[in-house]
Amino acid sequence: MNAPTRDLGTVTAAAIAAYRSGDTSLMAEMVERVSPLLWRVARAQGLSTASAEDVVQTSWLRLLQHIDRIDEDRAAALEEEIAGHREFR
């Protein structure tokens, strides 16, 4: 039996906290789950494939550059809100 999928907010908060502690293992799950959302937003803005790729890569780079300033609880809440809007559509 597979373990239940963790909600996006939990994944985000855990990944940020772990990364700050030197454990990068949880970032892969966050990247896997959030990248498609970033991709869809970039493409919905009319960006070309190459430009959308740049936006997604830059988003992840900026996250890592500023990870010490991110409140993981607020990030988790934002991820949950985004996921809720996506499911509502």
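Numbers here simply count residues along the sequence, with the first being 1.
A side-chain donor from one of D23 and S25 sits under 3.5 Å from a side-chain acceptor of the other. One side chain, D7 or T10, offers a donor N or O that lies under 3.5 Å from an acceptor on the other.
Under the 4.5 Å side-chain criterion, counting only non-hydrogen atoms from C-beta, L26 is not in contact with V11.
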Item to complete: Quick one: do W39 and T49 satisfy side chain to side chain contact (heavy atoms under 4.5 Å, CB included)? Show the steps, please.
Response: CA-CA 9 Å; W39 178 260; T49 299; 3.7 Å; yes
Worksheet item: Does the side chain to side chain contact (heavy atoms under 4.5 Å, CB included) test come out yes or no for Q57 and L38, once each step is laid out?
Response: CA-CA 10 Å; Q57 290 174 0; L38 293 173; over 6 Å; no
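Hydrophobic clustering of Ile, Leu, Val, Met, Phe, Trp and Tyr side chains at less than 4.5 Å, counting indirect connections, keeps M30 apart from V55.
Between R33 and L8, the shortest heavy-atom contact is NH2-N, 3.5 Å. Contact between W60 and V31 at its shortest, heavy atoms only, is CZ2-CA, 3.7 Å.
Around atom CD of E32, no more than 12 heavy atoms belonging to other residues, nucleotides or ligands sit under 6.0 Å away.
Atom OG1 of T12 is separated from atom CE of M27 by 9.0 Å, given to the nearest 0.5 angstrom. In this structure, E53 CD and T58 OG1 are separated by 11.5 Å, a value rounded to the nearest 0.5 Å. Taking CD1 from I16 and OG from S21, the interatomic distance works out to 12.0 Å, rounded to the nearest 0.5 Å.
For the pair R43 (side chain) and L47 (backbone), a donor-acceptor distance under 3.5 Å is present.
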